[in-house]
Peer 1: 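Submitted below is the structure of interest, expressed as structure tokens.
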Amino acid sequence: AEEQEQARCAALTACQKDVLRQARRCPKVRRLVYSTCSVHQEENEDVVKAILDEHPDFELVPIFPSWSRRGFPTFPGAEHCVRTLPREDLTIGFFVACFGRREPSPLSDAAPAPHPDSTAASKKKKKKKKNRKKRTAGGGDGEPSSSPSVASTAVG
């Protein structure tokens with residue numbers, strides 16, 4: 001039974017690392033929250049440490065500062081993680097870590113410029129959206145609406 005539990009935990013850990021690796025590849029991701037319903041260090045702190053070691057472009061972001069129970073001190077920064085314990089917190093136990101993408105240093109190469117086609121595609125999308133709004137405002141049939149238009153401006 002214990003061997004089965006260890007095998008299950010190892011399989012979950014591998015899957016969790018793969019999910020995090022895939023998610024961090026999205027260039028627009030600025031923050032990535034990792035949460036488990038587990039009290040096992042292998043699924044929690046060990047996964048977080050592995051991702052931080054593999055991907056120095058991410059760091060832990062402090063979360064829930066008033067919560068006293070933090071990650072096990074197995075690596076520098078684990079105090080930014082949050083965990084609950086079943087008996088102490090009357091939960092099944094869970095763990096949360098928030099990764100933040102580090103800003104590129106001014107000395108490093110800036111992000112690659114967008115592909116020229118992507119800029120043109122973006123302009124086409126905006127134009128389509130604008131035309132769609134015109135049709136919708138006019139009743140959907142391309143004809144101007146007979147109801148009066150109202151414009152408002154927020155002042156603040």
Peer 1: If you round to the nearest 0.5 Å, how far is SG of C81 from CZ of F64?
Peer 2: 12.0 Å
Peer 1: With rounding to the nearest 0.5 Å, note down the distance linking CD in E54 to NZ in K17.
Peer 2: 7.0 Å
Peer 1: Determine whether K49 and Q41 make a side-chain contact, defined as any pair of heavy atoms from C-beta on separated by less than 4.5 Å.
Peer 2: no
Peer 1: Salt bridge or not for R102 and E59, using N-O below 4.0 Å?
Peer 2: yes
Peer 1: For residues T36 and N44, is any side-chain donor paired with an opposing acceptor at under 3.5 Å?
Peer 2: yes
Peer 1: Kindly work out whether a path of hydrophobic side-chain contacts (I/L/V/M/F/W/Y, heavy atoms less than 4.5 Å apart) joins V82 to V33.
Peer 2: yes
Peer 1: CZ/R24 to CD/Q22 distance, rounded to the nearest 0.5 angstrom?
Peer 2: 9.5 Å
Peer 1: Main chain of G77, side chain of E79: is a donor-acceptor contact present, judged purely on distance under 3.5 Å?
Peer 2: yes
Peer 1: Is R69 salt-bridged to E88, going by a charged N under 4.0 Å from an acidic O?
Peer 2: no
Peer 1: Q16 and V47: which non-hydrogen atoms are nearest, and at how many Å?
Peer 2: OE1-CG2, 4.1 Å
Peer 1: Atom CZ of R30 and atom NZ of K28: how far apart are they, to the nearest 0.5 Å?
Peer 2: 10.5 Å
Peer 1: Where is the tightest heavy-atom contact between G93 and V39, given as atom of each residue plus distance?
Peer 2: CA-CG1, 3.8 Å
Peer 1: Considering all heavy atoms of both residues, which atom of P56 and which atom of D53 are nearest to each other, and what is their separation?
Peer 2: CD-O, 4.4 Å
Peer 1: Flag the pair D18 and R21 as a salt bridge only when some basic side-chain nitrogen lies within less than 4.0 angstrom of an acidic carboxylate oxygen.
Peer 2: yes
Peer 1: Is the NZ or CZ atom of R83 positioned over F72's six-membered ring, under 6.0 angstrom from the centre and within 45° of the axis?
Peer 2: yes
Peer 1: Determine whether a donor-acceptor pair (N or O, by modelled atom type, separation under 3.5 Å) exists between the side chain of T84 and the backbone of F94.
Peer 2: yes
Peer 1: So does E43 get a backbone contact from the side chain of S38, meaning a donor-acceptor N/O pair under 3.5 Å?
Peer 2: no
Peer 1: For V19, which fellow cluster members are found when Ile, Leu, Val, Met, Phe, Trp and Tyr are connected by side-chain heavy-atom distances below 4.5 angstrom, either directly or through intermediates?
Peer 2: none
Peer 1: Using the ring of each side chain (for Trp, its six-membered ring), is F99 parallel, tilted or perpendicular to Y34, with breaks at 30° and 60°?
Peer 2: tilted
Peer 1: Using the rule given for side-chain contact (heavy atoms from CB on, under 4.5 Å), can you reason through R31 versus V61, listing the C-alpha separation, both sets of side-chain angles and the distance that settles it, and then say yes or no?
Peer 2: CA-CA 9 Å; R31 296 231 169 148; V61 176; 3.6 Å; yes
Peer 1: Show the nearest heavy-atom pair for residues E45 and F75, with the distance to one decimal.
Peer 2: O-CE2, 3.5 Å
Peer 1: Measure the spacing between SG of C9 and CD of E42 and express it to the nearest 0.5 Å.
Peer 2: 4.5 Å
Peer 1: For L20 versus L32, what's the shortest heavy-atom pair and its separation?
Peer 2: CD2-CD2, 3.8 Å
Peer 1: Which heavy atom of V29 sits nearest to which heavy atom of A23, and what is that distance?
Peer 2: CG2-O, 3.6 Å
Peer 1: Applying side-chain contact (heavy atoms from CB on, under 4.5 Å) to V96 and I63, what does each step give before you reach the verdict?
Peer 2: CA-CA 9 Å; V96 182; I63 54 173; 3.5 Å; yes
Peer 1: Any carboxylate oxygen within less than 4.0 angstrom of a Lys/Arg side-chain nitrogen, looking at D57 and R101?
Peer 2: yes
Peer 1: Can you tell me how far CG of L60 sits from CG of L52, rounded to the nearest 0.5 angstrom?
Peer 2: 4.5 Å
Peer 1: Are more than 12 heavy atoms from other residues, nucleotides or ligands located less than 6.0 Å from atom CD of E5?
Peer 2: yes
